[in-house]
Each structure stands twice: as structure tokens, then as C-alpha cells.
Amino acid sequence: MNSLSFYSVGSFILVVLVLIAVISIVYRSWRNGISPMPSSAVVRRAVLSELRRIPLPGLIVEAGSGWGTLALQLATYNKAWRIVGIENSWIPLWVSKLSASLKRTAADLDFQHGDIYQYQYDQADVVICYLYPGAMTRLSTIMRVQLKPGAYLISVCFAMPGWEPERVVTCGDLYRTKLYIYRVKE
Ligand SMILES: C[S@@+](CC[C@H](N)C(=O)[O-])C[C@H]1O[C@@H](n2cnc3c(N)ncnc32)[C@H](O)[C@@H]1O
């Protein structure tokens, strides 16, 4: 094979792989009702400062961890935290796993393939999510049954229907994104 056809075959394979990745992300976003759009740096900082107010959270679960940017940032902060990201879109999940393997983090960080509606949240001290209204309605029932007394739920952008937030924080970003912080009664 001469070098020209070697490069053509290489480019063709690359284009096919990129196409498969794009189709996978678009298909999963369509099924999920939301894309893996990451929360902004301002919002990530606000989530971190809310977590720091919570007395020693042990297990932090991010329901829908996308590309892993939020969990990775949180994981640099406290080595006592254990952070689990749940994601069902393969490409963002692989990127987050790869980033976690390359980045030195203080906390124990694990990205898992899974469905946020099937995951068992009963061990979680804090659940973090950035989803959409329909997902919040579904999670509302699940969290009511599964979250232990004293556990926290931090939702970026969308309120949990029927739940009374302990705090609502308005972030300093362009969209004035709100964080809803809930605590399960003890
Ligand atoms: C808007 S993104 C937020 C990503 C990340 N939490 C952040 O703040 O940067 C929502 C993520 O939830 C994931 N997601 C939605 N429904 C899901 C489901 N049923 N199971 C697992 N992940 C889901 C999407 O694939 C997407 O990556």
C-alpha cells in the first residue's frame, strides 16, 4: 500500500469513527431528552461551595455526569469524598473515564455506566443533577423513596416538583442559573 492510499484509508476510518460517535451522542440525547451539555465553570464553583457547607458528605452521586467535568472538579477538593458519576451515553462516559485516569484527584472518583432511574441512591449522602423538568418529576418519586434522612439533593437549574428547597442559590453567570438545595427530613 503506498502512503497516499494509507492516509486515505486512515482518514476514512477516522471519519467513520467520528460519525459513529456523533450518532451515538445524538441518539442517546434523543432517548434521554437531554444532551450531555456540561454545567458552566461558574455553576461548578457554586456547586462546590454548596458541598463545602454540608458537614462531611461521604458518598456524592452525580445523576447524569455527562463529560465528567463537574465530578472531576469536585474530586480535586476533598479526599474524604467518594464521588460516583452515573451516565448512560457511552462517548461522554468514556471521555470522563479517560479524564479521571489522567487527572490526579483527591477524592475517590468513579464513573459508571447506568440509568439514573434504576440506580440505588439509598447510600448517597448527596445527589447532584443537572437534567430537565420531566426528569425531575421522575426522580422526585424515586428520591422520596430512596434518599436516607439527612441526605441532600442539589439540582442545577430545575426544581424538584413538590419538594421544598432548604436553599436556592442564584449563580453569577449570564443566565442567573439557580441551584436548588434540598435536604431530606431526619
Ligand atoms: C445536561 S447534562 C449534565 C452533565 C453534568 N451533570 C454537568 O453538570 O456538567 C445531563 C446528563 O444526564 C445524562 N442522562 C440523562 N438521562 C439519563 C439516564 N436516564 N441515565 C443516565 N444518564 C442520563 C445525559 O446523557 C447527560 O449527559
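Start at 1 and go down the list; that is how both ligands and their atoms are numbered. We're numbering straight along the sequence, starting at 1.
- Looking only at protein heavy atoms, the nearest one to atom 10 (C) of ligand 1 is Tyr130 O, 3.3 Å.
- If you look at Trp67 next to ligand 1, there are no close heavy atoms at all, none under 4.0 Å.
- Given atom 12 (O) of ligand 1, the protein heavy atom at minimum distance is Gly64 CA, 3.2 Å.
- Close contacts between ligand 1 and Ile34 involve ligand atoms 1 (C), 15 (C) [criterion: under 4.0 Å to a heavy atom].
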### Task
Verify side-chain contact (heavy atoms from CB on, under 4.5 Å) between Tyr117 and Leu139, making sure each step is shown before the conclusion.
CA-CA 7 Å; Tyr117 307 116; Leu139 281 182; 3.9 Å; yes
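- The local environment of OH in Tyr175 is sparse, with at most 12 non-hydrogen atoms from other residues, nucleotides or ligands closer than 6.0 Å.
- At the shortest separation from atom 9 (O) of ligand 1 among protein heavy atoms lies Ser39 N, 2.9 Å.
- The aromatic rings of Tyr182 and Tyr180 lie parallel to each other, with less than 30° between the two planes, well short of the 60° mark.
- For Ser29, the heavy-atom gap to ligand 1 stays at 4.0 angstrom or more.
- Contact check for Ile181 versus Pro165: no side-chain heavy atoms found under the 4.5 Å cut-off.
- Between Arg167 and Arg183, the closest side-chain pair of non-hydrogen atoms is not below 4.5 Å.
- Within the 4.0 Å heavy-atom cutoff, Met37 counts among the residues contacting ligand 1.
- Among all non-hydrogen protein atoms, the one lying nearest atom 25 (O) of ligand 1 is Glu87 OE2, 2.6 Å.
- Side-chain contact between Glu87 and Phe111 is absent, with no heavy-atom pair separated by less than 4.5 Å.
- Side-chain contact between Arg44 and Thr69: present, with at least one pair of heavy atoms (C-beta onward) separated by less than 4.5 Å.
- With hydrogens left out, the protein atom closest to atom 14 (N) of ligand 1 is Asn32 ND2, 3.5 Å, a heavy atom.
- Contacts of Leu131 with ligand 1, taken as heavy-atom pairs under 4.0 Å, involve the side chain alone.
- Ranking the protein heavy atoms by distance from atom 19 (N) of ligand 1 puts Asp115 OD1, 2.9 Å first.
- Ranking the protein heavy atoms by distance from atom 23 (C) of ligand 1 puts Asn88 OD1, 3.6 Å first.
- The line from CD1 of Ile60 to CG of Asp108 is 11.0 Å long, rounded to the nearest 0.5 Å.
- Ligand 1 does not have Val156 within reach: every non-hydrogen atom of the residue lies 4.0 Å or more from it.
- What sits closest to atom 5 (C) of ligand 1 on the protein, heavy atoms only, is Glu62 OE2, 3.2 Å.
- Taking 4.0 Å as the cut-off, Ser35 counts as a neighbour of ligand 1 on heavy-atom distance.
- Other residues, nucleotides and ligands contribute at most 12 non-hydrogen atoms within 6.0 Å of the NZ atom of Lys79.
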